[in-house]
Amino acid sequence: DAGITQSPRYKITETGRQVTLMCHQTWSHSYMFWYRQDLGHGLRLIYYSAAADITDKGEVPDGYVVSRSKTENFPLTLESATRSQTSVYFCASSETDEKLFFGSGTQLSVL
Amino acid sequence: AQKITQTQPGMFVQEKEAVTLDCTYDTSDPSYGLFWYKQPSSGEMIFLIYQGSYDQQNATEGRYSLNFQKARKSANLVISASQLGDSAMYFCAMREWGYQKVTFGTGTKLQVIP
């Protein structure tokens with residue numbers, strides 16, 4: 001099916017563990033984004049990518065790593081998870097100047 | 001500095017009444033777009049309406065309209081004839097064409113009362 005999919009939908013992990021959240025889109029959109037959503041903060045941009053092998057930091061990049069070896073995939077890795085990274089994570093994609101299409105989100109709990 | 005400001009954390013509106021959700025923005029880029037998204041309790045992000053910085057007329061999409069006042073840097077969402085299904089979080093966002101980043105506000109929780 002065409003669209004943007006995130007996996008897993010829910011994830012529980014422990015502090016210090018590495019976690020990777022996956023994002024896959026089938027539209028061949030140039031741009032992909034990672035946001036985290038926390039109460040009182042709205043959606044905050046973690047990283048975004050303009051094309052394969054081009055990534056840039058957003059507002060809150062510390063503690064996160066991204067890669068984009070293929071246009072359709074944009075995984076987000078928490079190298080050593082902390083409790084403050086407990087959040088809902090949204091991936092989105094778009095073409096230049098266009099609206100964002102969002103995935104369903106990943107609810108991550110770090111214990 | 002906050003690029004997108006939504007000053008109303010929560011609002012109530014009577015069913016069938018109109019409601020305005022406020023959004024102000026800050027940018028030095030002359031080319032940008034403004035978006036509104038709805039997030040119901042189920043969590044998905046639903047695109048509602050878009051306004052480009054060069055658009056002469058206010059955008060409208062069904063019961064949604066965007067009151068765009070460029071000089072004041074405001075982009076308020078107006079929902080006419082509110083329905084119970086409009087109860088949700090609403091986010092304003094801006095995309096500056098130069099950077100292509102998309103910045104969101106903190107959101108307004110709208111509750112429609114029967």
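First the proteins, then the strands, lettered A, B, ... as listed; each starts at 1.
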Colleague: Counting only heavy atoms closer than 4.5 Å, note whether B:E96 contacts chain A via side chain, backbone, both or neither.
Modeller: neither
Colleague: With a 4.5 Å heavy-atom cut-off (strictly below), which parts of residues 98-111 of chain A touch chain B? List them by number.
Modeller: A:E98, A:K99, A:L100, A:F102
Colleague: First locate atom CD of A:E95, then atom CD of B:Q100, and finally report the distance between them rounded to the nearest 0.5 Å.
Modeller: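 Output value for this atom pair is 9.5 Å.
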Colleague: Carefully, step by step, assess A:E59 and B:K101 under the rule side chain to side chain contact (heavy atoms under 4.5 Å, CB included).
Modeller: CA-CA 10 Å; A:E59 300 171 68; B:K101 287 184 190 181; over 6 Å; no
Colleague: Can you find a pair of side-chain heavy atoms, one from A:R44 and one from B:T103, that are under 4.5 Å apart?
Modeller: no
Colleague: Going only through I, L, V, M, F, W and Y residues with side-chain contacts under 4.5 Å, is there a path from A:V60 to A:V88?
Modeller: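 Hydrophobic grouping puts A:V60 apart from A:V88.
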Colleague: When rounded to the nearest 0.5 angstrom, what is the spacing between CZ in A:F90 and CD in B:E44?
Modeller: 8.5 Å
Colleague: Please output the residues of residues 69-91 of chain B in contact with chain A, using a heavy-atom cutoff of under 4.5 Å, in numerical order.
Modeller: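 When heavy atoms of chain A are the reference, residues 69-91 of chain B contributes B:F91 within the under-4.5 Å range.
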Colleague: Applying the 4.5 Å side-chain criterion to the ILVMFWY set and letting contacts propagate, would A:Y47 and A:F33 be lumped into a single cluster?
Modeller: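 No, it is not one cluster - the side chains of A:Y47 and A:F33 are not joined through contacts under 4.5 Å.
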Colleague: Are any non-hydrogen side-chain atoms of A:Y35 and B:V102 less than 4.5 angstrom apart?
Modeller: yes
Colleague: For atom CD1 of B:I113, is the number of surrounding heavy atoms from other residues, nucleotides or ligands below 6.0 Å larger than 12?
Modeller: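 Yes, because the 6.0 Å sphere around CD1 of B:I113 holds more than 12 heavy atoms from other groups.
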Colleague: Can you tell me which portion of B:Y32 sits under 4.5 Å from chain A's heavy atoms? Options are side chain, backbone, both or neither.
Modeller: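 Contact with chain A involves no heavy atom of B:Y32 at all.
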Colleague: Side-chain heavy atoms nearer than 4.5 Å, only ILVMFWY residues, links allowed to pass through others: does that put A:L43 and A:Y48 together?
Modeller: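 Yes: a chain of side-chain contacts under 4.5 Å links A:L43 to A:Y48.
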Colleague: Return the OG1 to CG distance between B:T106 and A:L39, rounded to the nearest 0.5 Å.
Modeller: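 Here the rounded value is 10.5 Å.
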Colleague: If two hydrophobic side chains count as joined below 4.5 Å and joins carry through other members, does A:Y31 share a cluster with B:F104?
Modeller: yes
Colleague: Do you reckon A:L21 sits in the same ILVMFWY cluster as A:M32, going by side-chain contacts under 4.5 Å, direct or chained?
Modeller: yes
Colleague: Surrounding CZ of A:R17 (heavy atoms of other residues, nucleotides or ligands, distance under 6.0 Å), is the total greater than 12?
Modeller: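 No.
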Colleague: Any idea which heavy atoms bring B:R95 and A:T96 closest together, and the distance?
Modeller: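 Closest heavy-atom pair between B:R95 and A:T96: NH2-CA, 4.4 Å.
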Colleague: If you compare all heavy atoms of A:D97 against all heavy atoms of B:F35, which two are closest, and at what distance to 0.1 Å?
Modeller: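 Shortest heavy-atom contact: O-CZ, 4.4 Å.
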